[in-house]
Amino acid sequence: MAKFILFLIFVFGLTAAPRIDSPRKLERQIKAIRADDVSWRKIAWKSCLLEGLSEARKTGKPLILWCYIDRPIDDTRC
Amino acid sequence: MPVALKAALVNNPPAGIEGAFIREISRSKPAPQGICVANSSGKALAWVLGFDNNAQVPKFLNHCLSRNKEIDSSKATVPTERFRLFPSRPLPAAPDINAKLPPLVMHGKNEYCVATPEKEQGTLVAKVWGRRLDKDKVPIKNCVLQENYIEDVFDISNLLQQEVVVLAKKNKSFRLPESFVKQVVSYAYLGQLDVRPVYSPVPEARSKEHHLELWAEPSIMKGKGRRWIIKGKSDVETSRLTPENGAQSHHRISLNWEGYIDLSGENIAQLGLWATGQEQLQWGNRNLQLIKEPAVTHLMAGRYINVDSPVRYGIIGKPVIKKEK
């Protein structure tokens with residue numbers, strides 16, 4: 001009986017989902033959901049207006065400004 | 001040249017050189033949010049709040065490029081064109097008041113941009129990734145939409161970290177402080193800012209925390225510090241109904257959490273969390289479903305969202321050691 005219980009514990013240990021208890025294991029999980037080539041990341045958004053104006057003067061191109069988050073909180077989510 | 005500016009800056013420009021340029025652009029805005037094209041002198045060429053259809057988006061940009069070439073930016077008076085919808089619903093143009101703008105001087109080496117202020121040393125900067133899965137538990141392919149996929153960044157202050165450190169000093173399992181858990185859980189959600197279920201930015205929203213519990217168990221020693229294994233559950237919900245325009249939202253996220261916190265001295269050296277669960281999100285005016293207009297027609301109002309799916313979230317947090325913009 002004891003051997004049977006030990007066998008069950010062994011099998012359960014083999015089949016149980018691995019714990020996410022280290023950076024390496026977490027990175028593997030995140031890699032599975034991270035979208036590396038998402039299209040909106042291909043736009044090189046600046047957050048500094050002065051940098052944008054400086055680049056505009058060098059390149060002769062106008063700026064496109066996305067004015068977002070009309071809420072009284074500090075957040076990076078649109 | 002794409003630049004993203006928070007409306008808080010545009011609507012309340014700060015003092016200084018950057019504030020002067022923001023104020024000039026903000027002066028002509030038709031609404032608190034929108035898209036503006038400005039020339040290299042900092043004069044707004046055009047504002048737009050929406051487009052008649054998708055094809056008008058590149059036409060608007062080309063229109064602004066042409067206008068930019070026609071106007072000698074260093075001398076000309078630049079009235080700002082404004083559109084409720086481009087091109088069918090123009091608004092009255094905003095005249096140029098010929099405000100004197102300061103010389104363009106970049107931020108110095110030890111200066112911070114108003115858009116990205118300095119962070120206190122030791123602050124934990126956490127990045128979060130979230131993605132919806134389909135019914136077969138495969139990550140959704142369309143990652144353009146925020147209700148399918150998000151990447152976000154948030155801070156965990158020294159104060160919140162120290163609440164954890166104090167509890168960890170007893171060297172036995174402890175429940176993570178509610179303020180810490182809320183800060184983490186509040187960023188694990190899909191969709192736009194308005195549907196954030198914890199610390200909702202919408203005053204009319206009604207939030208409910210069915211379950212918010214993360215526990216830390218001591219694990220291995222890591223140098224002079226210690227790793228703590230995290231496990232727990234969160235179940236948060238928010239809803240809102242705006243009777244005057246029929247806009248409504250409901251958002252519920254139930255997640256099982258696991259991960260680790262490495263403590264070193266009085267701070268968190270690194271944080272890693274993984275969450276799996278289910279997310280329901282309904283948002284928008286139901287009438288929007290009946291109108292078959294493209295989404296670009298009502299960018300400010302948004303579009304109807306209705307999802308109920310398995311989700312996955314990953315969070316990695318590391319401290320700011322040097323000045324980081």
Side-chain angles (χ1 to χ4, degrees), chain A residues 9-78, chain B residues 1-8 10-11 17-18 21-22 25 29 32-40 42 45 61 64-65 68 104-107 113 115-116 129-131 139 143-144 146 149-150 152-154 192-194 196 199 201-202 219 227 229 258-260 270 272-274 312 314 316:
Chain A
I9 292 170
F10 175 69
V11 169
F12 179 76
L14 285 178
T15 56
R19 282 201 314 185
I20 311 297
D21 57 6
S22 72
R24 193 171 49 83
K25 290 178 187 173
L26 177 61
E27 177 57 37
R28 202 180 305 136
Q29 297 294 117
I30 290 175
K31 193 176 175 185
I33 63 165
R34 188 173 52 218
D36 290 324
D37 62 348
V38 63
S39 56
W40 41 256
R41 203 185 295 111
K42 293 174 185 169
I43 301 173
W45 289 101
K46 294 185 184 298
S47 58
C48 177
L49 180 59
L50 299 185
E51 284 183 18
L53 286 168
S54 175
E55 277 301 305
R57 290 181 187 189
K58 284 180 204 165
T59 59
K61 293 181 182 177
L63 287 83
I64 180 164
L65 301 165
W66 179 277
C67 178
Y68 70 109
I69 307 182
D70 181 28
R71 293 285 178 202
I73 61 166
D74 184 24
D75 204 284
T76 59
R77 185 82 66 102
C78 185
Chain B
M1 212 55 53
V3 178
L5 290 178
K6 290 184 184 173
V10 175
N11 298 327
I17 295 172
E18 197 154 10
F21 283 104
I22 293 173
I25 287 168
K29 67 182 188 294
Q33 297 184 91
I35 297 168
C36 174
V37 176
N39 66 16
S40 58
L45 295 172
L61 298 177
C64 292
L65 277 175
N68 188 59
L104 182 62
V105 176
M106 303 308 293
H107 296 297
C113 178
T116 49
W129 296 262
R131 195 157 175 180
C143 292
V144 171
Q146 274 185 299
Y149 178 75
I150 60 98
D152 210 341
V153 179
F154 64 96
Q192 68 273 33
L193 178 63
D194 282 10
R196 188 165 83 174
Y199 300 132
V202 179
S219 181
R227 174 160 292 169
I229 301 302
E258 57 180 319
Y260 56 89
Q270 63 176 343
L273 291 168
W274 178 250
R312 302 285 185 266
I316 295 177

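Residue numbering restarts at 1 for every chain, and letters A, B, ... go by the order of the sequence lines. Because the structure is predicted, anything quoted here is derived from the model rather than measured.
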Notebook entry, point to check: When heavy-atom pairs shorter than 4.5 Å are enumerated against chain B, which of Ser47(A), Pro23(A), Ser39(A), Gly52(A) gives the highest number?
Noted result: Pro23(A)
Margin query: For the CE atom of Met1(B) and the CD atom of Glu51(A), what is their distance to the nearest 0.5 Å?
Written below: 11.5 Å
Pairs of donor and acceptor atoms involving the side chains of residues 55-65 of chain A, under 3.5 Å and at least two apart or interchain, shall be tabulated with distances.
unit_1: Arg57(A); atom_1: NE; unit_2: Ser40(B); atom_2: O; d: 2.7
unit_1: Arg57(A); atom_1: NH2; unit_2: Ser40(B); atom_2: O; d: 3.2
unit_1: Thr59(A); atom_1: OG1; unit_2: Glu55(A); atom_2: O; d: 2.8
unit_1: Thr59(A); atom_1: OG1; unit_2: Lys61(A); atom_2: N; d: 3.3

Next item on the list: Below 4.5 Å from any heavy atom of chain B, which atoms of Ile30(A) appear? Answer side chain, backbone, both or neither.
Entry: both
Check: Using non-hydrogen atoms only, which part of Val10(B) is less than 4.5 Å away from chain A: side chain, backbone, both, or neither?
Finding: side chain
Note to self: Looking at every non-hydrogen atom in both residues, tell me the closest pair between Pro32(B) and Cys67(A) and how far apart they are.
What the structure shows: O-SG, 3.5 Å
Notebook entry, point to check: Pick from Gly259(B), Cys64(B), Ala38(B): which one has the most heavy-atom pairs with chain A under 4.5 Å?
Noted result: Ala38(B)
Check: Non-hydrogen atoms of chain A under 4.5 Å away: do they reach the side chain of Ile22(B), the backbone, both or neither?
Finding: both
Checklist line | Interatomic spacing from OG in Ser54(A) to CE in Met106(B) - rounded to 0.5 Å | finding: 4.5 Å
Note to self: Using a 4.5 angstrom heavy-atom cutoff, name the option from Val38(A), Ile43(A), Asp21(A) with the most pairs to chain B.
What the structure shows: Asp21(A)
Notebook entry, point to check: Going from CD on Glu18(B) to CG on Leu49(A), what distance comes out if it is rounded to the nearest 0.5 angstrom?
Noted result: 6.0 Å
Checklist line | Residue selection (most heavy-atom pairs with chain A, distance under 4.5 Å) from Leu104(B), Ile229(B), Ile35(B), Val37(B) | finding: Leu104(B)
Checklist line | Nearest heavy-atom neighbours spanning Tyr149(B) and Arg41(A) | finding: OH-NH2, 3.9 Å
Item checked: Ala35(A) portion near chain B, given a 4.5 angstrom heavy-atom threshold -> both
Check: Can you find a heavy atom in the side chain of Glu27(A) that is under 4.5 Å from one in the side chain of Ile316(B)?
Finding: yes
Note to self: Counting heavy-atom pairs closer than 4.5 Å to chain A, which one of Gly272(B), Ala4(B), Pro139(B), Gly130(B) comes out on top?
What the structure shows: Ala4(B)
Check: chain B heavy atoms under 4.5 Å from Trp40(A): which part of the residue, side chain, backbone, both or neither?
Finding: side chain
Note to self: Can you list everything that forms a side-chain contact (heavy atoms from CB on, under 4.5 Å) with Gln29(A)? Sequence neighbours excluded, please.
What the structure shows: Ile20(A), Trp274(B)
Item checked: Side-chain donor or acceptor of Glu258(B) paired with backbone N/O of Arg19(A) under 3.5 Å -> no
